[in-house]
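Heavy atoms only: backbone and side chains are in, while hydrogens, waters and symmetry mates are out.
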Amino acid sequence: MKKIITAVALTAALTLGAAPAFAAPAVGADTKVTAGEAGTGVTTVKVETTVSQINATIPITATFALPILGSDFIKTTTGVVPKTYAMKNHSTFALKVTNAKAAAETNWILAAASTGLKDKDATAGKTGDIFLTLTPAVTGQGDAWTAVADPGSNPAWTIPAAKKTSSDPADEGTLLLDITGSHSNLSKAIATATPEAAVVLTYTVAAA
């Protein structure tokens, strides 16, 4: 028997790790010219970037179909775990994910390790215990990241820039993530029509 859980329900607020969009640039000390004297006034023009042009899409949810008995996540043609969990970059410059953190929902426990987890019962009063690792499918786009709570950690993921001259969705920059992990025995069945939120992931994204 299989049941559905929502394993990743992304927070809608996306934290942008760069200067505020309308931040006023810092101004240095004035160069004074005393009246009645010849003098030179010097202004140094400095440039900073804003976050206003960052344009990315992060999946809001990813639904897993897991057996009631504890198991490692198994990828099959029927999609036990999502095969298309990806971040999309619509910006014309590369982006980076500088921090990722996880938080278990009320009825779940975020396990710190996978060792022996699939042979354990769920923590008392919980639906289950779950362990997640996300790894870029393409070599060179960052490290494997294990879901951890506050303050999170830096997965060093990069999302390539979209092609400047194309409006084709296929030309968006893509970070495809493979999801692996395991879960304990689950304490109850969950109907397919009403999946249960298990873990919330929050990402910090900035210009690379």
Side-chain angles (χ1 to χ4, degrees), residues 1-15 56-88 97-138 141-157 159 174-205:
M1 176 180 179
K2 291 183 179 178
K3 56 179 157 178
I4 301 293
I5 65 169
T6 301
V8 184
L10 183 76
T11 51
L14 187 62
T15 305
T57 299
I58 310 295
I60 297 299
T61 61
T63 301
F64 294 8
L66 302 179
I68 292 179
L69 294 179
S71 174
D72 293 325
F73 297 163
I74 301 172
K75 292 187 177 182
T76 70
T77 55
T78 56
V80 173
V81 297
K83 297 177 180 296
T84 58
Y85 184 77
M87 300 183 187
K88 298 285 188 177
V97 179
T98 59
N99 186 267
K101 61 182 179 180
E105 292 283 29
T106 303
N107 293 330
W108 289 82
I109 293 292
L110 188 64
S114 61
T115 304
L117 183 61
K118 63 184 179 182
D119 300 317
K120 296 179 180 179
D121 289 336
T123 297
K126 302 295 183 180
T127 300
D129 300 19
I130 192 167
F131 177 84
L132 293 171
T133 296
L134 284 73
T135 306
V138 176
Q141 284 190 267
D143 304 324
W145 177 78
T146 296
V148 294
D150 289 335
S153 60
N154 185 358
W157 293 340
I159 316 174
T174 301
L175 172 63
L176 178 63
L177 295 165
D178 287 331
I179 302 174
T180 56
S182 58
H183 65 92
S184 67
N185 296 325
L186 305 184
S187 63
K188 65 179 182 180
I190 304 170
T192 300
T194 55
E196 183 174 295
V199 178
V200 175
L201 302 181
T202 302
Y203 304 103
T204 301
V205 179

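Closest of all the heavy-atom pairs between Ala104 and Leu110 is CB-N, 3.7 Å. The minimum heavy-atom distance linking Gly142 with Trp157 is given by the pair CA-CD1, 3.9 Å. Summarising the geometry of Ser184 relative to Ala122, their closest heavy-atom pair is OG-CA, 3.6 Å, with the distance given to 0.1 Å. The two residues Thr106 and Lys126 come nearest to each other via the heavy atoms O-NZ, 2.6 Å. Of all heavy-atom pairs spanning Pro67 and Ser71, the tightest one is CG-CB, 3.8 Å.
Residues satisfying the salt bridge (charged side-chain N to carboxylate O under 4.0 Å, His left out) test with Lys101, not counting sequence neighbours, are Asp150.
Between the side chain of Gln141 and the main chain of Thr174, a donor-acceptor pair closer than 3.5 Å is present.
Separating the CG atom in Leu69 from the NE2 atom in His183 is a distance of 8.5 Å, to the nearest 0.5 Å. For the atom pair Ile68 CD1 and Thr127 OG1, the distance stands at 11.5 Å (nearest 0.5 Å). Between Tyr203 atom OH and Thr98 atom OG1 the span is 13.0 Å, to the nearest 0.5 Å.
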Could you go through residues 113-121 and list every donor-acceptor pair under 3.5 Å that involves a side-chain atom there, pairing it with any protein atom two or more places apart or in another chain?
residue, atom, partner, partner atom, Å
Lys118, NZ, Asp72, OD2, 3.2
Asp121, OD1, Asn185, ND2, 2.9

Throw together a table of side-chain donor-acceptor distances under 3.5 angstrom for residues 128-135, partners on residues two or more places apart or in other chains.
residue, atom, partner, partner atom, Å
Asp129, OD1, Thr123, N, 3.1
Asp129, OD1, Thr123, OG1, 3.2
Asp129, OD2, Thr123, OG1, 2.8
Thr133, OG1, Thr146, OG1, 3.3

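Using cut-offs of 30° and 60° for the angle between ring planes, the Phe73 and Phe64 rings count as perpendicular.
Side-chain contact check for Leu177 versus Pro136: some heavy-atom pair is nearer than 4.5 Å.
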